[in-house]
Undergrad: 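For reference, the structure I am asking about is given below.
In what follows, every chain begins at residue 1, and chains take the letters A, B, ... in the order their sequences are listed. Excluded from the calculations below are hydrogen atoms, water molecules and symmetry mates; all remaining heavy atoms, backbone and side chain alike, are included.
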Protein chains: 2
Amino acid sequence: MTTTSATIRFIDTELASAPDAHEELLNRAFFALSDPVRRTILERLGEGAFLVSELAAPFDISLQAISRHIQVLVRAGLVQQARTGRISTCSLDVGPMFAASVWVNRYSKYWQNQFDALAAGLARLDKEATRHRPTQRKKANRKERR
Amino acid sequence: MTTTSATIRFIDTELASAPDAHEELLNRAFFALSDPVRRTILERLGEGAFLVSELAAPFDISLQAISRHIQVLVRAGLVQQARTGRISTCSLDVGPMFAASVWVNRYSKYWQNQFDALAAGLARLDKEATRHRPTQRKKANRKERR
DNA sequence: TTTATAATCAACTGATCTGTTGATTGTCAA
DNA sequence: TTGACAATCAACAGATCAGTTGATTATAAA
């Protein structure tokens, strides 16, 4: 990655012309990525284009719910939809993902001890889960509270 | 970045032992990053450690609100707090950020045309904003609806 | 034409988010 | 001891989120 430095510089000047739009793009991209269903959909789309119903098949929630997840991805610019007739083909757009990577990678200089840091994060989560493990989830597939 | 490939492989096996914890770590990390106030706090912490009140100073919202933003960052593992007496010093922990980078960078192979993709995303946001621009924001610093 | 299918829209519910104000805790200083 | 200060807690309000079910739109097929 010898072009990273130049790349980031170019992006930064590009953003300076529309800083609000870029902020909003990051807001939406990170938010879209914060849900495991949406991340799974994106992983799937990494392999190619799929119909909404095909994307929905592996999940235990309604097609409508998946349709709205996809809408979140579309509004974040991560997914494009092409409707031909009654079917809608979804495909990936990694533009916002690249923007997210640029933002996050500003901290890459701290990643000498990435293993320790990640292990510590996981250990902390395990300890949390052990300390007060929920007896039962309130709703299936519901997002964990903490 | 000649070690990237080996790095990612190591992390993946590490995660396989606690997949749920890793999922939850990503959920929280991406969600924490989806708010511009929290991203600004993280940028600041990249320069060193700060008190809660110091982090709150640049913002127009209450100290309590900032305190809760920091709690979100702490629960995501991105920030550590050390309380000595009545003051609380906040510092950065890039572990979850590294995990987020690893996830996002699985799409780096698509980034040959990153410039076009990002520009398209920004152009789309601009077009949206022009089409139905809100006459006035409902609340100061409130998150944009779309 | 009638029927089945893909996908979205609409309305509703319960949970979560983000901000507010007021009270509280705990420490430092006059 | 008393008062100021850093930070959090607690309770509330308004908005958003994520799921549901039922209706609707539009195309494909019998």
Side-chain angles (χ1 to χ4, degrees), chain A residues 23-24 27-41 49-76 79-91 134 136-146, chain B residues 23-24 27-41 49-76 79-91 134 136-146:
Chain A
E23 275 273 285
E24 189 57 26
N27 294 350
R28 297 185 194 183
F30 281 127
F31 179 78
L33 292 173
S34 74
D35 185 276
V37 171
R38 291 193 288 262
R39 284 202 304 275
T40 301
I41 290 174
F50 288 90
L51 303 183
V52 174
S53 48
E54 291 172 334
L55 292 171
F59 296 102
D60 253 356
I61 59 181
S62 66
L63 180 67
Q64 291 95 320
I66 296 294
S67 175
R68 283 169 55 158
H69 274 300
I70 292 174
Q71 283 171 29
V72 171
L73 292 167
V74 167
R75 288 203 332 191
V79 164
Q80 288 178 330
Q81 270 181 310
R83 245 188 127 151
T84 68
R86 74 182 151 165
I87 67 175
S88 177
T89 304
C90 304
S91 59
Q136 197 170 19
R137 209 167 292 189
K138 289 202 172 171
K139 211 166 184 179
N141 277 35
R142 194 81 183 116
K143 193 186 289 184
E144 284 284 351
R145 190 169 305 172
R146 53 176 73 216
Chain B
E23 276 272 286
E24 187 59 25
N27 294 350
R28 297 187 195 183
F30 280 127
F31 180 77
L33 292 172
S34 73
D35 185 276
V37 171
R38 291 193 287 262
R39 285 202 305 275
T40 302
I41 290 175
F50 287 91
L51 304 183
V52 173
S53 47
E54 290 172 336
L55 291 171
F59 296 102
D60 253 356
I61 59 181
S62 67
L63 180 67
Q64 290 95 320
I66 296 293
S67 175
R68 283 170 55 161
H69 274 300
I70 293 174
Q71 283 172 30
V72 171
L73 292 168
V74 168
R75 288 202 334 191
V79 166
Q80 288 177 330
Q81 271 182 310
R83 248 191 125 153
T84 68
R86 74 182 153 169
I87 68 177
S88 178
T89 304
C90 303
S91 59
Q136 197 170 14
R137 209 168 291 190
K138 290 203 172 171
K139 212 165 183 180
N141 277 36
R142 194 81 183 115
K143 193 185 288 184
E144 284 285 352
R145 191 168 306 172
R146 54 176 73 221

Undergrad: Using whole Å, report how far CZ of A:Phe31 lies from C1' of C:dT18.
TA: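 Going from CZ in A:Phe31 over to C1' in C:dT18 covers 13 Å.
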Undergrad: Taking CD1 from B:Ile61 and P from D:dT8, how many angstroms apart are they, rounded to a whole number?
TA: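 Distance check: B:Ile61 CD1 to D:dT8 P gives 14 Å.
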Undergrad: Would you mind telling me which of C:dT18, D:dT21, C:dT8 lies closest to the side-chain atoms of A:Ser62?
TA: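 Closest nucleotide to the A:Ser62 side chain: D:dT21.
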Undergrad: DNA chain D: B:Thr89 or A:Val72, which has the more 5' nearest nucleotide?
TA: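 First, find each residue's nearest nucleotide; the 5'-ward one identifies B:Thr89.
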Undergrad: Across the strands shown, which category fits B:Glu54 at heavy-atom distances under 4.0 angstrom: base, sugar-phosphate, nothing?
TA: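 No contact at all - B:Glu54 keeps every heavy atom at 4.0 Å or more from the nucleic acid.
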Undergrad: Nearest whole angstrom, please: distance from the C1' of C:dG19 to the CG of B:Leu63.
TA: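 For the pair B:Leu63 CG and C:dG19 C1', the rounded distance is 13 Å.
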Undergrad: Would you mind reading off the distance between B:Ile70 atom CD1 and D:dA6 atom C1', rounded to a whole angstrom?
TA: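 Rounded to whole Å, this separation is 12 Å.
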Undergrad: Can you tell me how far C1' of D:dC17 sits from CG of B:Asp35, to the nearest Å?
TA: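 The distance from CG of B:Asp35 to C1' of D:dC17 comes to 15 Å, rounded to the nearest Å.
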Undergrad: Kindly compute the distance separating SG (B:Cys90) from CG (B:Leu55), expressed to the nearest 0.5 Å.
TA: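 These two atoms lie 5.5 Å from each other.
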Undergrad: Just verifying a value: how many Å separate B:Ile41 CD1 and B:Phe59 CZ, rounded to the nearest 0.5 Å?
TA: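 The CZ atom of B:Phe59 is 5.0 Å from CD1 of B:Ile41, to the nearest 0.5 Å.
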Undergrad: Starting at atom CZ of B:Arg75, determine the distance to atom C1' of C:dC17, rounded to an integer number of angstrom.
TA: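 Atom-to-atom, B:Arg75 to C:dC17, this comes out as 11 Å.
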Undergrad: Atom CG of B:Leu73 and atom CZ of B:Arg68: how far apart are they, to the nearest 0.5 Å?
TA: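 Between B:Leu73 CG and B:Arg68 CZ, I get 13.5 Å after rounding to 0.5 Å.
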Undergrad: Restricting to non-hydrogen atoms, name the atom on B:Pro36 and the atom on B:Ser34 that form the minimum distance, rounded to 0.1 Å.
TA: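 The pair with the smallest heavy-atom distance is CD-O, 4.0 Å.
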Undergrad: Give the rounded distance in Å between these two atoms: CZ of A:Arg68 and P of C:dA11.
TA: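 Nearest whole value for this atom pair: 12 Å.
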Undergrad: To the nearest 0.5 Å, what is the distance between OG1 (A:Thr89) and CZ (A:Arg83)?
TA: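 These two atoms lie 10.5 Å from each other.
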Undergrad: What is the per-nucleotide protein-contact pattern of nucleotides 22-30 of chain D, from the 5' end, where B denotes a base atom under 4.0 Å from a protein heavy atom, S denotes such proximity for sugar-phosphate atoms only, and - denotes neither?
TA: B----BS--
Undergrad: Hey, does the side chain of B:Ser53 come within less than 4.0 Å of D:dC5's phosphate (OP1/OP2), counting only N and O?
TA: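 Checking D:dC5 against B:Ser53, no side-chain N or O comes under 4.0 Å of OP1 or OP2.
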Undergrad: Between B:Ala65 and A:Leu51, which residue's closest nucleotide on DNA chain C lies nearer the 5′ terminus?
TA: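 Per heavy-atom nearest nucleotide, the more 5' residue is A:Leu51.
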Undergrad: Phosphate oxygens OP1/OP2 of D:dG19: is one of them under 4.0 Å from a side-chain N or O of A:His69?
TA: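 Yes.
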Undergrad: Without decimals, in angstroms, what is the distance between A:Ile66 CD1 and C:dC9 C1'?
TA: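 Atom CD1 in A:Ile66 sits about 17 Å away from atom C1' in C:dC9.
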Undergrad: Atom NE2 of B:His69 and atom CD1 of B:Ile61: how far apart are they, to the nearest 0.5 Å?
TA: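 If I round to the nearest 0.5 Å, the distance is 4.5 Å.
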Undergrad: Quick one: is A:Arg38 getting a side-chain N or O under 4.0 Å of the D:dA18 phosphate, OP1 or OP2?
TA: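 For D:dA18, OP1 or OP2 has a side-chain N or O of A:Arg38 closer than 4.0 Å.
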Undergrad: Grab the two heavy atoms, one from B:Val52 and one from B:Ile66, that are nearest each other, plus how far apart they are.
TA: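 Where B:Val52 meets B:Ile66 most closely, the heavy atoms are O-CG2, 4.5 Å.
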Undergrad: Reckon A:Ser88 touches a base, only the sugar-phosphate, or nothing at all at heavy-atom distances under 4.0 Å?
TA: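 It contacts sugar-phosphate atoms only.
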Undergrad: Between C:dA6, D:dT8, C:dT18, which one does the side chain of B:Gln71 approach most closely?
TA: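 Closest of the options to the side chain of B:Gln71: D:dT8.
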